[in-house]
Structures are given as C-alpha cells and as structure tokens.
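One-based numbering along the sequence shown.
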Amino acid sequence: MNFIRFEHINLACKNLNDSKKFYQTLFPEWYVRADGVYNGRHWMHLGNHQFYLALNDENEQERVHSAYENIGINHVGFVIPDGDAMKKTLEDAGIEYYTMSAPETKHRIYVNDPDGNEIELVEYNQDYALK
C-alpha cells in the first residue's frame, strides 16, 4: 500500500524557541499549526499545510546520536526553489553552511539546526526529471 504523503518529523529540542526561530529563518512561511503542554513539556507543530516538524522541549536531555557515526537518520532533505537566495538568507542570519555538488542538483546546502541535526537544502537542475 502506498502512503498519502510524508507528514512530519518529530524532534526533541534543547530550546523550542531557538529551534522555531532557526526553522522559520529557513522557511519563513512556516507557522505554528498547534502547540501545547504534555506531561509538563511544551510541544509545537511547526510547518505548513503539507508538512510539519513536531518540536518537543527536552531541555534536560542530551543528544545521543552522532550523524554518520551511528545507525539512525543522518540528515533530512528539503527541496527549495532558489539555492542562491537560501545562501544569502543563511549568511544574513549568521548560520554556517557548507555545500556539495551532484550532477542532478544546482545547489546542495547543508546546515545544522540548534540541536546538531543536519538539514540538506536542495535545488535541482531544471532538466532533472525526478525532482
């Protein structure tokens, strides 16, 4: 059976507001779809009508996964319309990034969120069929 769409990623955050600010810098059109408190911890669904990040305030916890060194998710990729504009946004916000190249992409930009989760921002070449 096929699924309908990719709905959300659940992230534990040291500081929910820092994470919200970071992701709204990358994606200014994202908004708080829902938020509340569960078992004394603040949570928030931040995204748009297609997708959201379920951010959970876990300020007492420590990161246990090192990307590319353990089994688990190493990064999450988002397709963006304009890599040059994204690099300017990152530079204006003082967010460090690095780039890589691939034949099918115009831009592959990598950033880490405030909790060390790596995000890939991809702009595909216009003639690439599988974008």
Side-chain angles (χ1 to χ4, degrees):
M1 176 191 280
N2 288 330
F3 67 93
I4 295 172
R5 66 184 164 90
F6 188 78
E7 182 188 46
H8 74 273
I9 297 171
N10 188 298
L11 290 175
C13 307
K14 280 294 230 184
N15 184 305
L16 198 87
N17 289 324
D18 288 349
S19 293
K20 178 184 179 228
K21 180 180 175 187
F22 173 84
Y23 284 105
Q24 283 184 314
T25 298
L26 299 182
F27 308 112
E29 71 281 1
W30 282 14
Y31 56 92
V32 177
R33 296 170 35 136
D35 72 329
V37 175
Y38 180 75
N39 286 341
R41 290 191 179 103
H42 187 201
W43 60 270
M44 175 186 301
H45 291 175
L46 180 68
N48 59 25
H49 69 283
Q50 294 180 291
F51 170 82
Y52 66 92
L53 296 176
L55 303 176
N56 297 281
D57 189 13
E58 297 288 346
N59 58 26
E60 304 286 324
Q61 301 296 321
E62 294 300 324
R63 185 174 179 82
V64 295
H65 175 72
S66 295
Y68 304 100
E69 294 180 13
N70 297 293
I71 299 298
I73 295 172
N74 292 309
H75 70 256
V76 176
F78 292 95
V79 177
I80 58 172
D82 187 338
D84 288 324
M86 179 59 75
K87 287 196 273 187
K88 180 169 180 2
T89 295
L90 296 170
E91 289 164 5
D92 289 349
I95 298 172
E96 293 183 18
Y97 67 88
Y98 70 94
T99 61
M100 295 184 76
S101 61
E104 72 277 10
T105 60
K106 184 174 179 181
H107 293 280
R108 288 175 61 197
I109 305 163
Y110 295 85
V111 297
N112 287 318
D113 76 4
D115 296 298
N117 299 302
E118 188 173 69
I119 307 299
E120 180 181 8
L121 305 160
V122 181
E123 179 188 354
Y124 285 102
N125 286 321
Q126 183 119 6
D127 60 348
Y128 183 62
L130 299 176
K131 56 184 170 189

According to a hydrophobic-cluster definition based on side-chain heavy atoms being under 4.5 Å apart (Ile, Leu, Val, Met, Phe, Trp, Tyr only), do [X] and [Y] belong together?
X      : Y      : answer
Met44  : Leu53  : yes
Val32  : Trp43  : no
Trp30  : Ile109 : yes
Tyr110 : Tyr23  : no
Val37  : Leu55  : no

Mind checking ring-ring contact (aromatic ring centres under 6.0 Å, His included) for [X] and listing every partner two or more places apart, or none if nothing turns up?
X     : value
Tyr31 : none
Phe22 : none
Tyr38 : none
His42 : none

**OP:** Identify the two heavy atoms, one from Ala102 and one from Arg108, that lie closest to each other, and give their separation to 0.1 Å.
**Re:**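 That would be CB-NH1, 3.5 Å.
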Original post:
With sequence neighbours left out, which residue pairs that include part of residues 16-45 fulfil the salt bridge (Lys or Arg N to Asp or Glu O under 4.0 Å) condition?
Top reply: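 Matches after skipping sequence neighbours: Arg41-Glu58.
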Roughly how far, to the nearest 0.5 Å, is the [atom2] atom of [Y] from the [atom1] atom of [X]?
X      : Y      : atom1 : atom2 : value
Asn117 : His75  : CG    : NE2   : 12.0 Å
Asp127 : Glu104 : CG    : CD    : 11.0 Å
Gln24  : Asn17  : CD    : CG    : 10.0 Å
Thr105 : Asn125 : OG1   : CG    : 6.5 Å

Subject >> Heavy-atom side-chain proximity of Leu46 to Tyr52 below 4.5 angstrom >> reply: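 No, their side chains stay 4.5 Å or more apart.
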Original post:
Below 4.5 Å, heavy atoms only, C-beta onward: do Met86 and Leu26 meet side chain to side chain?
Top reply: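 Yes, side chains in contact.
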Subject >> The single option from Ile119, Leu90, Leu121, Asn112 passing side-chain contact (heavy atoms from CB on, under 4.5 Å) against Tyr97 >> reply: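 The residue from Ile119, Leu90, Leu121, Asn112 that satisfies side-chain contact (heavy atoms from CB on, under 4.5 Å) with Tyr97 turns out to be Leu90.
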Not counting sequence neighbours, which residues clear side chain to side chain donor-acceptor pair (under 3.5 Å) with [X]? List them please.
X      : value
Asp84  : His107
Asp57  : none
Lys106 : none
Asn15  : none

Original post:
Taking only residues two or more places apart in sequence, or in another chain, which ones meet Lys88 in a salt bridge (charged side-chain N to carboxylate O under 4.0 Å, His left out)?
Top reply: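 Salt bridge (charged side-chain N to carboxylate O under 4.0 Å, His left out) check on Lys88 returns Asp92.
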Subject >> Sequence-distant partners of Phe6, side-chain contact (heavy atoms from CB on, under 4.5 Å), two or more places apart >> reply: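 Testing Phe6 for side-chain contact (heavy atoms from CB on, under 4.5 Å), a comparison that skips the adjacent residues, returns Phe3, Ile9, Phe51.
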Subject >> side-chain contact (heavy atoms from CB on, under 4.5 Å) partners of Ala85, counting only residues at least two apart >> reply: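 Ala85 satisfies side-chain contact (heavy atoms from CB on, under 4.5 Å) with Asp82 only.
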Subject >> Side-chain H-bond candidate by donor/acceptor type, Asp115 with Ser19, under 3.5 Å >> reply: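 On atom types as modelled, these side chains qualify, holding a pair under 3.5 Å.
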